[in-house]
Amino acid sequence: MGRPFGIPVYVSPTWFIVAAFITFTYKDSVQISLPGLNEAASYAVAFAFAVLLYVSVLLHELAHCVVAKSYGLPVRRITLYLLGGVSEIEREPDSPGKEFLVAFAGPLLSLALAAAGFLLDVFVIPDDGILGVLTWQLWVANLIVGVFNLLPGLPLDGGRMLRAGVWKATRSPGSGTVAAAWVGRGLAVAMVVVPFALSLSSGQAPSTSFVLWSVLLAVFIWYGATQALRSARVRARIPQVNARSLARRAIPVTADVPLAEALRRAAQAQAGAMVVVDHDGRPIAIVNEAAVEATPEQRRPWVTVGSLARTLEPSLVLAADLSGDSLIDAMRDTPAGEYLLVERGGEVYGVLSTADVNKVFSGV
């Protein structure tokens, strides 16, 4: 939909579902507030509110992204969808203070929009017109969005702020994530249990739309908190990822060697990988393990290793001493099945298989 501040903005098809829902449910309120409007005009005002609400959500997400970019964090995109918006920031802040400010920027902007709308509603815009009705509804909606996002549980902004606080206190971002995620799960349960308990105590059954939104938001928060817990478990294993310790011994072969012969040589040398070299012995490609496994055994004497290899681009050659986040970032920049590991002097150390790295995270 555009690139404000250089950040691509996308709208998910699910937005049209919530836009239709808001239009149909808010139309009756518009007719009550503006009895002179006909039905078509009431639908138009209700739809305008749906659009303006998501413009506010976009501004909320842009606030996160602008602060993140000011700290040098790359932002992939913003997506508006059924339950609001999501900012895809590719790296986490490197300090709890930056984490707190990136998270707080969104609710702060929503509350600022609410305050500005309130002042316009009270002192500038008449209450008896379309603009007055929209202004009142928008500042109330932004107030709700701002306060809701300050609730202290992941995946909400308040959860990220809580994470930053625990991170600061414990000096462990993982501990902050776990704490904020469990609080998020508690919020998800409370969002369903508390409203139903209040309805039962008052003797009134909750409305269908109220139940729908409560359950939908609770599922969203529970799922986001669960994903955060999984992410914390994965990140806890990142320090275990070491290129040198995970490297496979590799044998050099020329491109014209039959696959069957290359595999025989690899087995004899107890090597787990094969590197294609030119006639001067310089590595030019890596034989793809998945392609080897997909080749039927009866065809292996007739297939050359060169036809199953990926040319060695500079990004596929990694330093053998990489580990942790540095190694993961290098692999993320150029996804591949195998990478050539070299020493600082340029000597080949071995081959790093992505499958072996994945085993570290899966616990296999």
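Everything numeric in this text was worked out from a predicted model, so none of it was measured. Index from 1, following the sequence.
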Run the side chain to side chain contact (heavy atoms under 4.5 Å, CB included) check on T354 and Y339 step by step: do they pass?
-> CA-CA 8 Å; T354 300; Y339 301 85; 3.5 Å; yes
If two hydrophobic side chains count as joined below 4.5 Å and joins carry through other members, does L53 share a cluster with L131?
-> yes
Do the charged groups of D325 and R332 touch, with an N to O distance under 4.0 Å?
-> no
Just how far is it from atom CZ of F49 to atom OH of Y54, taken to the nearest 0.5 Å?
-> 10.0 Å
Closest non-hydrogen atom pair between E92 and L73, with its separation = O-CD2, 3.9 Å
Step by step, work out the salt bridge (charged side-chain N to carboxylate O under 4.0 Å, His left out) result for E343 and R244.
-> CA-CA 10 Å; E343 299 285 10; R244 199 177 292 278; 3.0 Å; yes
So, Q227 versus R230: side-chain donor-acceptor pair below 3.5 Å or not?
-> yes
Nearest-0.5 Å distance, OG1 of residue T14 to CG of residue L82 | 5.0 Å
Which atom pair, heavy atoms only, marks the closest approach of A319 to A243?
-> O-CB, 4.3 Å
Taking the side chain as every heavy atom from C-beta outward, state whether P252 and V275 have any pair of such atoms under 4.5 Å apart.
-> no
Is Q270 atom CD crowded by more than 12 heavy atoms from other residues, nucleotides or ligands, each under 6.0 Å away?
-> no
Mind checking whether F100 and F104 have parallel, tilted or perpendicular rings, split at 30° and 60°?
-> tilted
Drop me the distance from R310's CZ to E338's CD, to the nearest 0.5 angstrom.
-> 9.0 Å
Is any side-chain N of the basic residue among D329 and R91 closer than 4.0 Å to the acidic one's carboxylate O?
-> no
Would you call T135 and V124 a side-chain contact if the rule is heavy atoms closer than 4.5 Å?
-> no
Heavy-atom closest contact (R160 atom, A103 atom, distance) | CB-CB, 3.5 Å
Using a 4.5 Å side-chain heavy-atom cut-off and chaining through intermediate ILVMFWY residues, the residues clustered with L229 come out as V178, W182
Is the side chain of S353 donor-acceptor paired with the backbone N or O of A355 at a distance under 3.5 Å, no angle test?
-> yes
Tell me, yes or no, whether the heavy-atom count around R76 atom CZ, taken from other residues, nucleotides or ligands under 6.0 Å, exceeds 12.
-> no
Euclidean distance, E99 CD relative to L162 CG, rounded to 0.5 Å | 10.5 Å
If you measure from CG on L83 to CG on L216, what distance do you get to the nearest 0.5 Å?
-> 4.5 Å
Give the C-alpha distance, both sets of side-chain angles, the deciding distance and a yes or no for side chain to side chain contact (heavy atoms under 4.5 Å, CB included) between L111 and L143.
-> CA-CA 6 Å; L111 294 175; L143 178 64; 3.9 Å; yes
Checking R77 side chain against E88 main chain: does a donor-acceptor pair fall under 3.5 Å?
-> no
Determine the minimum heavy-atom distance between V75 and A68, stating which atoms define it.
-> CG2-CB, 4.3 Å
Taking only residues two or more places apart in sequence, or in another chain, which ones meet R282 in a side chain to side chain contact (heavy atoms under 4.5 Å, CB included)?
-> D278, D280
Which class fits the ring pair Y43 and F24: parallel under 30°, tilted 30 to 60°, perpendicular over 60°?
-> perpendicular
Can you tell me if OH on Y71 sees more than 12 non-hydrogen neighbours from other groups inside 6.0 Å?
-> yes
Linking I/L/V/M/F/W/Y whenever their side-chain heavy atoms sit closer than 4.5 Å, directly or via other members, would L113 and V51 fall into one cluster?
-> yes
Does the side chain of L340 reach to within under 4.5 Å of the side chain of L316, using non-hydrogen atoms?
-> no
Side chain S175, main chain R171, donor-acceptor under 3.5 Å | no
Joint hydrophobic cluster, V86 plus Y223, side-chain heavy atoms closer than 4.5 Å = no
Can you find a pair of side-chain heavy atoms, one from I221 and one from P155, that are under 4.5 Å apart?
-> yes
Least distance between heavy atoms, T177 atom then A232 atom | CG2-CB, 3.8 Å
Any chain of hydrophobic side-chain contacts (each under 4.5 Å) joining V241 to V342?
-> yes
Search all heavy atoms of L138 against all heavy atoms of S56 and return the closest pair with its distance.
-> CD2-OG, 4.4 Å
For residues L312 and I286, determine if any side-chain heavy atom of one lies less than 4.5 Å from a side-chain heavy atom of the other.
-> yes
Do M274 and V257 come close enough that some side-chain heavy atom pair is under 4.5 Å?
-> no
Residues in ring pair (Phe, Tyr, Trp, His ring centres under 6.0 Å) with F5, at least two apart?
-> none
Is atom NZ of K168 surrounded by more than 12 heavy atoms (other residues, nucleotides or ligands) closer than 6.0 Å?
-> no
Find out if a path of hydrophobic residues (ILVMFWY) with successive side-chain heavy-atom gaps under 4.5 Å connects V145 to L120.
-> no
4.5 Å side-chain heavy-atom contact, L109 and L62 | no
Let me see the working for E289 and E293 under side chain to side chain contact (heavy atoms under 4.5 Å, CB included), right down to the final yes or no.
-> CA-CA 6 Å; E289 183 181 22; E293 293 178 351; 3.6 Å; yes
Relative to the ring of F220, is the ring of Y81 parallel (under 30°), tilted (30 to 60°) or perpendicular (over 60°)?
-> tilted
Walk me through it: do I7 and E61 pass the test side chain to side chain contact (heavy atoms under 4.5 Å, CB included)?
-> CA-CA 11 Å; I7 302 165; E61 297 302 326; over 6 Å; no
Taking atom CD of E297 as the centre, report whether more than 12 heavy atoms of other residues, nucleotides or ligands fall under 6.0 Å from it.
-> no
Distance col, row D256:CG vs E261:CD, nearest 0.5 angstrom, shows 11.0 Å
Taking C-beta and beyond as the side chain, do F361 and I238 meet within less than 4.5 Å on heavy atoms?
-> yes
Are any side-chain N or O atoms of S326 and backbone N or O atoms of L322, one a donor and one an acceptor, separated by less than 3.5 Å?
-> no
